[in-house]
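Keep in mind that this is a model prediction, so the values were computed, not measured. Note that ligands are numbered from 1 as they come in the structure, with each ligand's atoms numbered from 1 the same way.
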Amino acid sequence: MKMMKKTLITLGLLSASSLAASQLANAGEVEVLHWWTSGGEAKSVAVLKDMMEKEGHTWKDFAVAGGGGESAMTVLKTRAVSGNPPAAAQMKGHNIQEWAELGFLTNLDDVAKANNWDGILPTVVADISKYQGHYVSVPVNVHRVNWLWANKSVFDKEGLKVPNSWDAFFKVGDKLKADGIIPLAHGGQPWQDATLFEAIALEKLGSADYKKAFVDLDQSVLSGDKMVEAFKTFKKVHNYIDTNSPGRDWNVATSMVISGKAAMQIMGDWAKGEFTAANKTPGTDYVCAPAPGTASEFTFNVDSFAFFQIKDKANQKAQKDLAKTILSKDFQEIFNLNKGSIPVRLDMDMSKFDQCALDSMASFKATSKSGDLLPSMAHGMSTTSYVQGAMFDVITNFFNDSNADPKQAAQQLAKAVKAAM
Ligand code: BGC
């Protein structure tokens, strides 16, 4: 008996070491560029690093701080142009197409086929991930952008209801202000200004005109009356943020809501990742609600990794393993629990997810049928990076100029878009 046990242990050790040896033989390095540096984001990306290391690969972290990813994209350009791109880079819809068109990305069809990506991904997401019908990127999650986050005890103490329209927002905001609480936590950076503006514009335009403006770039809708209304409301909202907002990072704004210094934030559900990292529970500590007046719409923001052509064979193998891991059920669950987003696979067990995620999933499915599933302009899903940049300029300049005129702003928006098309 003793002998048998010993043999079994030896055999066990042997197979473990031969496994380690075979892993080592196939081991490569993956260098991954991303902008996930806040508390919740860092916890989320650590999941991917751990999984890759468990498979025997080396993870080379290439983090470039800056919400929305503008700085990361600038750094990526320098690296790629010098002929030394990372294996994978976090990227958004239209950017993927732009990089693929330039011939930088690698073909992932073999991994996609072996793992049935066409079968497990919603069509709208599969389309984003492909260039001319071939997979060149891997989607990680689906973020809903049109959310409002509120500190529950602030609302309870003030005897207020979380606003579901802009009129209600202004009433609630007046009371909060009078009581010394900042109504809206906001970070004055172009992408955050655009995130807030997009939520307001969606309420004013409705789904059909939102698409005409931000996807089709229709001049008459961009400069039209509803857009003027959006700028008017946007201007009014400026009275409900604090004077320290310029330059503030989005996660600092979220922490103001967590601490109760501010009552609300309008931000995508990566904000939930910050609440989760601070051990806060939805429904008890905070409330997630659709951005005012947008309960039946869903502005989506899919994070993807674009895969670059790299030379080293072992690293190519590691790169394919990374692609496979990202869409595995295990990764999709743990990552999205931390990140605040919902899994990009539709065949997931959602029992560990909270009510905000379940609401988001239900809305994602419903809006994909109703026509109210809309690509986020602020997060690079609706149009090219050039047009997006032109829109950011007009939106941010308007927001920071107290004398700016809403009617002129809408005309400028149309003009700037035309010039960037
Ligand atoms: C990305 C999120 C990220 C957020 C803030 C968004 O553009 O899609 O994944 O958490 O920026 O950094």
Side-chain angles (χ1 to χ4, degrees), residues 32-48 61-76 88-96 125 128-129 137-147 149 185-199 247-255 257 265-278 288 298-306 326 331-332 334-344 356-357 360 364 374-383 385 388-389 391-392 395:
V32 182
L33 180 143
H34 61 90
W35 62 89
W36 287 330
T37 53
S38 77
E41 291 174 334
K43 271 181 98 173
S44 313
V45 74
V47 175
L48 192 54
D61 202 52
F62 188 0
V64 181
E70 227 175 299
S71 312
M73 290 303 100
T74 308
V75 175
L76 177 64
Q90 186 187 344
M91 207 178 272
K92 298 301 178 56
H94 279 262
N95 250 324
I96 300 171
V125 178
I128 294 169
S129 315
S137 70
V138 188
V140 186
N141 59 0
V142 180
H143 273 303
R144 186 181 190 183
V145 185
N146 57 322
W147 276 120
W149 308 91
H186 182 72
Q189 296 174 346
W191 74 271
Q192 293 188 68
D193 296 342
T195 300
L196 175 60
F197 179 75
E198 168 181 292
R248 176 188 287 142
D249 285 327
W250 68 272
N251 53 316
V252 175
T254 310
S255 71
V257 180
Q265 181 183 19
I266 296 209
M267 187 48 64
D269 43 21
W270 46 93
K272 199 184 80 183
E274 299 306 294
F275 284 97
T276 308
C288 56
F298 188 119
T299 36
F300 69 88
N301 170 20
V302 174
D303 283 311
S304 297
F305 280 104
I326 290 173
F331 174 74
Q332 282 290 311
I334 314 171
F335 175 86
N336 286 301
L337 283 171
N338 284 304
K339 188 71 174 65
S341 36
I342 52 171
V344 72
C356 306
S360 180
F364 180 69
L374 307 159
S376 164
M377 174 277 288
H379 294 275
M381 308 302 298
S382 78
T383 182
S385 54
Q388 184 202 31
M391 288 189 181
F392 276 20
I395 292 165

(request) Kindly indicate, with the supporting measurements, whether the criterion side-chain hydrogen bond (donor to acceptor under 3.5 Å, both in side chains) is fulfilled by Ser341 and Asn336. (result) CA-CA 5 Å; Ser341 36; Asn336 286 301; 2.6 Å; yes

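- Inclusion of Trp191 in the set of residues having an N or O under 3.5 Å from an N or O of ligand 1 is not warranted.
- Looking at ligand 1, you won't find any N or O of Gly67 less than 3.5 Å from one of its N or O atoms.
- A donor-acceptor distance shorter than 3.5 angstrom exists from the side chain of Ser137 to the backbone of Ser129, with no hydrogens or angles considered.
- Checked options Val145, Ile395, Leu374; the residue passing with Glu198 is Val145 (criterion: side-chain contact (heavy atoms from CB on, under 4.5 Å)).
- The shortest separation from a heavy atom of Gly68 to ligand 1 is under 4.0 Å, placing the residue in contact.
- The NZ atom of Lys92 lies 5.5 Å from the CG atom of Asp303; values are rounded to the nearest 0.5 Å.
- For ligand 1 and His143, the ligand atoms under 4.0 Å from any heavy atom of the residue are 9 (O).
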(request) Start with the C-alpha distance between His34 and Asp61, add both sets of side-chain angles, then the distance that settles side-chain hydrogen bond (donor to acceptor under 3.5 Å, both in side chains), and finish with yes or no. (result) CA-CA 8 Å; His34 61 90; Asp61 202 52; 2.9 Å; yes

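- Nearest protein heavy-atom contact of atom 12 (O) of ligand 1 is Glu41 OE2, 2.7 Å.
- With respect to atom 7 (O) of ligand 1, the closest heavy atom belonging to the protein is Lys92 NZ, 2.7 Å.
- Counting only heavy atoms of the protein, atom 2 (C) of ligand 1 lies nearest to Lys339 NZ, 3.5 Å.
- The OG atom of Ser38 sits 7.0 Å away from the NZ atom of Lys339 when rounded to the nearest 0.5 Å.
- When only non-hydrogen protein atoms are considered, atom 8 (O) of ligand 1 lies nearest to Asp303 OD1, 2.7 Å.
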